[in-house]
Amino acid sequence: MIFEMTERECRDLLGRTSLGRLACSQDNQPYVIPIYFAFDFDYAYSVSTLGQKIEWMRANPKVCVEVDEIADRSDWRSVVVLGTYQELTEPQYADERSHARSLLEKRSLWWQNALGERQLKSETELIQTTFFRIHVDSMTGLRATAESR
Ligand SMILES: Cc1cc2nc3c(=O)[nH]c(=O)nc-3n(C[C@H](O)[C@H](O)[C@H](O)COP(=O)(O)OP(=O)(O)OC[C@H]3O[C@@H](n4cnc5c(N)ncnc54)[C@H](O)[C@@H]3O)c2cc1C
């Protein structure tokens with residue numbers, strides 16, 4: 001059985017998961033990558049190094065985020081968020097940036113995936129990072145269960 005999730009159920013899932021898939025696009029070409037987020041009210045906060053996804057989201061801020069919990073083929077939940085990219089630049093977004101940092105810091109080694117991947121490609125020790133958030137414009141959720149309601 002597959003059910004639509006309520007908004008409350010969607011928000012609960014967004015609140016307890018941290019890994020999502022972020023999709024952006026440019027010139028009719030979609031691009032999806034795994035990334036850690038911290039959801040808080042109507043925003044998903046994250047930190048990133050500068051690369052293709054940031055360049056693309058700057059050019060086209062309309063994005064999609066998918067998160068899920070999959071126990072097995074008949075027991076899963078998935079939420080799809082349509083949203084808008086916003087870069088937390090200083091000094092304009094200093095408060096939001098520090099809020100993002102405090103949310104992300106709750107997860108140990110929160111910076112590791114963003115920086116680790118870049119170190120692989122970069123020859124310099126100095127790696128620029130940026131905080132950003134995705135405003136949740138709309139969301140839908142589906143859950144599957146082996147039992148009937
Ligand atoms: C579990 C997990 C958590 C992560 N969390 C974060 C995070 O919080 N913040 C963050 O910035 N990054 C995170 N990453 C890394 C992220 O998925 C990207 O690899 C990274 O951010 C670089 O993206 P970019 O668009 O800047 O790529 P660029 O460095 O500009 O790369 C260009 C090309 O490299 C290839 N590429 C890039 N990333 C990947 C990938 N993941 N898999 C396969 N090919 C790829 C693509 O073909 C792309 O066109 C995480 C990865 C994993 C697996």
Side-chain angles (χ1 to χ4, degrees), residues 2-71 75-144:
I2 294 180
F3 302 100
E4 281 184 12
M5 289 165 65
T6 63
E7 183 178 335
R8 175 67 187 269
E9 288 173 322
C10 291
R11 287 186 183 277
D12 285 349
L13 178 58
L14 295 176
R16 64 177 181 265
T17 50
S18 53
L19 180 66
R21 269 77 192 174
L22 169 67
C24 52
S25 67
Q26 185 168 269
D27 300 332
N28 291 324
Q29 175 60 64
Y31 177 50
V32 183
I33 45 131
I35 195 164
Y36 281 117
F37 290 102
F39 281 89
D40 192 36
F41 294 100
D42 285 336
Y43 290 97
Y45 293 85
S46 192
V47 63
S48 172
T49 52
L50 300 184
Q52 182 173 321
K53 67 178 169 310
I54 297 294
E55 282 167 29
W56 284 30
M57 292 191 294
R58 281 175 177 166
N60 176 11
K62 289 296 176 190
V63 299
C64 181
V65 176
E66 188 270 348
V67 300
D68 52 57
E69 273 179 349
I70 303 170
D75 181 2
W76 52 259
R77 289 170 169 72
S78 127
V79 171
V80 171
V81 167
L82 297 184
T84 308
Y85 170 76
Q86 189 178 49
E87 203 159 323
L88 301 179
T89 49
E90 285 192 301
Q92 192 186 0
Y93 292 105
D95 290 348
E96 290 82 357
R97 204 179 158 97
S98 106
H99 183 57
R101 194 186 175 96
S102 70
L103 290 171
L104 292 162
E105 272 174 355
K106 288 180 187 156
R107 204 187 60 239
S108 66
L109 301 180
W110 55 280
W111 41 265
Q112 198 175 50
N113 282 284
L115 264 67
E117 193 274 347
R118 187 64 53 197
Q119 268 166 353
L120 186 76
K121 294 179 181 168
S122 172
E123 296 191 347
T124 159
E125 293 281 299
L126 211 66
I127 298 169
Q128 231 187 317
T129 57
T130 187
F131 286 88
F132 67 92
R133 65 183 181 180
I134 306 293
H135 178 258
V136 177
D137 298 333
S138 65
M139 63 186 157
T140 54
L142 291 178
R143 68 181 170 87

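Note that this is a predicted model, so its numbers are computed, not measured. Computed from heavy atoms alone, side chains included, the values below leave out hydrogens, waters and symmetry copies.
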A.B. asks: Before you tell me yes or no, could you show the steps for Arg77 and Glu9 under salt bridge (Lys or Arg N to Asp or Glu O under 4.0 Å), namely the whole-Å CA-CA distance, both residues' side-chain angles and the distance that decides it to 0.1 Å?
C.D. replies: CA-CA 10 Å; Arg77 289 170 169 72; Glu9 288 173 322; 5.9 Å; no

A.B. asks: Could you go through the side chain to side chain contact (heavy atoms under 4.5 Å, CB included) check for Leu142 and Trp76 one step at a time?
C.D. replies: CA-CA 8 Å; Leu142 291 178; Trp76 52 259; 3.9 Å; yes

A.B. asks: Just so I know, are the side chains of Tyr36 and Leu104 near enough to count as touching, which here means a heavy-atom distance under 4.5 Å?
C.D. replies: no

A.B. asks: Kindly determine whether Lys62 and Asp137 satisfy salt bridge (Lys or Arg N to Asp or Glu O under 4.0 Å), including the steps that lead there.
C.D. replies: CA-CA 10 Å; Lys62 289 296 176 190; Asp137 298 333; 3.4 Å; yes

A.B. asks: If I compare all heavy atoms of Asp68 with all of Thr17, which pair ends up nearest, and what's the gap?
C.D. replies: O-CG2, 4.1 Å

A.B. asks: Answer whether the closest heavy-atom distance between the side chains of Met139 and Val80 falls below 4.5 Å.
C.D. replies: no

A.B. asks: Within the supplied structure, the quantity of interest is the number of heavy atoms (other residues, nucleotides, ligands) at a distance under 6.0 Å from Glu4 CD; does it exceed 12?
C.D. replies: no

A.B. asks: Side chains of Arg97 and Arg101, heavy atoms from C-beta outward: is any pair under 4.5 Å?
C.D. replies: no

A.B. asks: For a 4.5 angstrom cut-off between non-hydrogen side-chain atoms, does Val63 reach Lys53?
C.D. replies: no

A.B. asks: Which atoms form the tightest heavy-atom contact between Ile134 and Gly83, and what is the distance?
C.D. replies: CG2-CA, 3.9 Å

A.B. asks: Could you tell me which non-hydrogen atom of Glu69 sits nearest to which non-hydrogen atom of Arg16, and how far apart they are?
C.D. replies: OE2-NE, 2.7 Å

A.B. asks: So which atom in Val67 and which in Gly20 form the shortest heavy-atom distance, rounded to 0.1 Å?
C.D. replies: CG1-CA, 3.8 Å

A.B. asks: Quick one, Met57 and Leu22 - any side-chain contact, counting heavy atoms below 4.5 Å?
C.D. replies: yes

A.B. asks: Taking only residues at least two apart or on different chains, which pairs with a member in residues 17-28 satisfy salt bridge (Lys or Arg N to Asp or Glu O under 4.0 Å)?
C.D. replies: none

A.B. asks: Would you check if Arg58 and Leu50 make a side-chain contact, meaning some heavy-atom pair closer than 4.5 Å?
C.D. replies: yes

A.B. asks: Rounded to the nearest 0.5 Å, how far apart are CG of Leu88 and OG of Ser46?
C.D. replies: 10.0 Å

A.B. asks: Could you state the interatomic distance from OG1 (Thr140) to CD (Glu7), rounded to the nearest 0.5 Å?
C.D. replies: 11.5 Å

A.B. asks: If we only count heavy atoms from C-beta on, is the Phe37 to Leu14 side-chain gap below 4.5 Å?
C.D. replies: no

A.B. asks: How far does OG of Ser78 sit from CD1 of Ile70, to the nearest 0.5 angstrom?
C.D. replies: 7.5 Å

A.B. asks: Grab the two heavy atoms, one from Val79 and one from Cys10, that are nearest each other, plus how far apart they are.
C.D. replies: CG2-CA, 3.8 Å

A.B. asks: Quick one: does His135's side chain get under 4.5 Å of Gln86's, heavy atoms only?
C.D. replies: no

A.B. asks: Taking atom CD1 of Ile35 and atom OG of Ser18, what is their separation to the nearest 0.5 Å?
C.D. replies: 11.5 Å

A.B. asks: Give the C-alpha distance, both sets of side-chain angles, the deciding distance and a yes or no for salt bridge (Lys or Arg N to Asp or Glu O under 4.0 Å) between Arg11 and Asp42.
C.D. replies: CA-CA 9 Å; Arg11 287 186 183 277; Asp42 285 336; 2.8 Å; yes

A.B. asks: Going by ring-ring contact (aromatic ring centres under 6.0 Å, His included), name the residues that satisfy it together with Tyr85, two or more places apart in sequence or in a different chain.
C.D. replies: Phe132

A.B. asks: Pro30 and Ser25: which non-hydrogen atoms are nearest, and at how many Å?
C.D. replies: CA-CB, 4.0 Å

A.B. asks: List the steps and the verdict of side chain to side chain contact (heavy atoms under 4.5 Å, CB included) for Asp40 and Arg133.
C.D. replies: CA-CA 10 Å; Asp40 192 36; Arg133 65 183 181 180; over 6 Å; no

A.B. asks: Do Tyr43 and Glu96 pair up side chain to side chain, a donor and an acceptor below 3.5 Å, judged on atom types alone?
C.D. replies: no

